[in-house]
Chemist: 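I have a structure here, written as structure tokens, and I will follow up with some questions on it.
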Number of protein chains: 2
Amino acid sequence: MHNTKDAGDRLREAGIRVTTPRVIIYDYLLKHRTHPTCDEIYTDIKAGNPSLSLASVYNVTEKLVDHDLIIRIVSPDGERHYDAVTKFHAHFFCGKCGKIFDVSCDHDTEQLIDLPGAVVNSISVSAYGECPECASEVDP
Amino acid sequence: MHNTKDAGDRLREAGIRVTTPRVIIYDYLLKHRTHPTCDEIYTDIKAGNPSLSLASVYNVTEKLVDHDLIIRIVSPDGERHYDAVTKFHAHFFCGKCGKIFDVSCDHDTEQLIDLPGAVVNSISVSAYGECPECASEVDP
DNA sequence: ATTTGTTTTAGAATTATTTTAAATAAAAAC
DNA sequence: GTTTTTATTTAAAATAATTCTAAAACAAAT
């Protein structure tokens, strides 16, 4: 029993071409839930795929975002991170270790935004601080 | 009756030096609630202050953020905007006209983040879509 | 007024991202 | 199954945003 669709299937369903770089990058994102940046993705996959360029990583992630296959999350300092989990959830950015944590967010997000007449396409909730691990560490 | 503190007073209260660039930039932000980027601030003030450099705008805004005199808001595409209104509020980014709107957010923001053990320093709630004005426009 | 320590400046450097035009690969047509 | 069409990838150069650096300018304390 494998109910998991692979990267190729998902690309096909989205109606965009199934190319090697897309499969590699999307597959990487589906398997690594670390919210990597383009640079991190590139660093990790280039060993196994030397012909793939950083520019392609930028292009492919952008394309995947356009088709709602992945989401882009912007860190407080403006870095762009990518996440293959598209269901709405909040993010917690640890200022100490730099990790990004997924946080469930059960709120009725619609009611968060009170701007009559506006069409809300998406909402992002982010928190900044110290993650549980860093917060429990002894001070130096 | 003028109950508004000026930029100089606020800098002094924050315990940092009152310098000309800081006063100019902070004053600009107090008077313009348009959530400008460093570049926009620079473009607007350089006519009246030719000696002031873009690098100074970056340095000063960063300093003001450090001392909680202004807040930094990061747009969905990673641009950094600055806002002299530090009281918590949500932001709405219009994808059509590019404007940023302030949205009141009465929610108990603490309860938005469910990550036991974490120290939450700040929370940001952002929405993306079309602003009331753009949404009501006829399609071309 | 002089000193002291900090801040600002201009320009260079860096980083992140985008663009370009040529090369390539996928899907469609034959 | 080969050709044609069209979308995509590549590499390199270009652009944009931000940071760094060392010298000059300045504010506060003496």
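So that the names make sense, note that chain A is the first sequence line, chain B the second, and so on, each numbered from 1. Given the structure is predicted, the values throughout are model-derived calculations rather than measurements.
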Chemist: Verify the contact: side-chain N or O of A/Y58 to OP1 or OP2 of C/dT18, cut-off strictly under 4.0 Å; return yes or no.
Modeler: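 Answer is no, no contact under 4.0 Å.
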Chemist: Within the 4.0 Å heavy-atom criterion, would you say B/S51 contacts the bases, only the backbone, or no part of the nucleic acid?
Modeler: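 It contacts sugar-phosphate atoms only.
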Chemist: Picking from C/dT7, C/dA26, C/dA16, which would you name as closest to the side chain of B/R17?
Modeler: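 Taking heavy atoms from C-beta onward, the closest nucleotide is C/dT7.
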Chemist: On the 0 to 90° scale, with breaks at 30° and 60°, tag the A/F93-A/H81 ring pair as parallel, tilted or perpendicular.
Modeler: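 Perpendicular: the ring planes of A/F93 and A/H81 meet at over 60°.
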Chemist: Among C/dA26, C/dT18, D/dA27, which is the nearest nucleotide to the side chain of B/T19?
Modeler: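 Minimum distance to the B/T19 side chain belongs to D/dA27.
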Chemist: Measure CD1/A/I41 against C1'/C/dA16 and give the value in whole Å, please.
Modeler: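 For the pair A/I41 CD1 and C/dA16 C1', the rounded distance is 14 Å.
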Chemist: Would the number of heavy atoms belonging to other residues, nucleotides or ligands and lying under 6.0 Å from CD of A/E62 be above 12?
Modeler: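 Counting neighbours around CD of A/E62, more than 12 heavy atoms of other residues, nucleotides or ligands fall under 6.0 Å, so yes.
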Chemist: Kindly say if B/R22 contacts the phosphate of C/dT8, meaning a side-chain N or O under 4.0 Å from OP1 or OP2.
Modeler: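 Looking at the OP1 and OP2 atoms of C/dT8, one of them is under 4.0 Å from a side-chain N or O of B/R22.
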Chemist: What is the distance from OH of B/Y26 to C1' of C/dT7, rounded to the nearest Å?
Modeler: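 Whole-Å distance recorded here is 19 Å.
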Chemist: Quick one: A/L52 CG to C/dT24 P, roughly how many Å, whole number?
Modeler: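 After rounding, the reported distance stands at 16 Å.
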Chemist: Could you give the CZ-to-P distance, from B/R12 to D/dA28, as a whole number of Å?
Modeler: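 Answer to the nearest Å: 8 Å.
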Chemist: Classify the side-chain pair B/S75/B/D77 by whether it contains a donor and acceptor separated by less than 3.5 Å.
Modeler: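 Yes, side-chain donor-acceptor contact under 3.5 Å.
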Chemist: Between C/dT18, C/dT8, D/dT19, spot the one nearest the side chain of B/P21, thanks.
Modeler: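 Ranking C/dT18, C/dT8, D/dT19 by closest atom to the B/P21 side chain puts C/dT8 first.
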Chemist: Of A/T37 and B/P50, whose nearest nucleotide on DNA chain C comes first from the 5' end?
Modeler: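 Result of the comparison: B/P50.
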Chemist: Among side-chain atoms of B/D83 and B/H89, is any donor-acceptor pair under 3.5 angstrom?
Modeler: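 Side chains of B/D83 and B/H89: pair found under 3.5 Å.
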Chemist: Could you give the CG-to-P distance, from B/D66 to C/dT6, as a whole number of Å?
Modeler: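 Result: 16 Å.
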Chemist: Between D/dA27, C/dT7, C/dA16, which one does the side chain of A/E79 approach most closely?
Modeler: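 Out of D/dA27, C/dT7, C/dA16, the nucleotide with an atom closest to A/E79's side chain is C/dA16.
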Chemist: Figure out the CZ/P separation between A/R80 and D/dT18, and round it to whole Å.
Modeler: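 Between P of D/dT18 and CZ of A/R80: 11 Å.
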Chemist: What is the distance, rounded to the nearest whole Å, between atom NZ of A/K63 and atom C1' of C/dA26?
Modeler: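 From A/K63 NZ to C/dA26 C1': 13 Å.
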Chemist: Can you tell me which nucleotide in D/dT9, D/dA11, D/dA27 comes closest to the side chain of A/S53?
Modeler: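 My answer, after comparing the listed nucleotides, is D/dA11.
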Chemist: Please determine if A/K63 and A/D66 form a salt bridge, counting it only when a charged side-chain N lies under 4.0 Å from a carboxylate O.
Modeler: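 Looking at A/K63 and A/D66, the cut-off is not met.
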Chemist: What's the CG-C1' distance between A/D39 and C/dT17, to the nearest Å?
Modeler: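 One finds 11 Å between C1' of C/dT17 and CG of A/D39, rounded.
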Chemist: Which nucleotide wins on minimum distance to the side chain of B/A55, given the candidates C/dT8, C/dG11, D/dT9?
Modeler: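 Minimum distance to the B/A55 side chain belongs to C/dG11.
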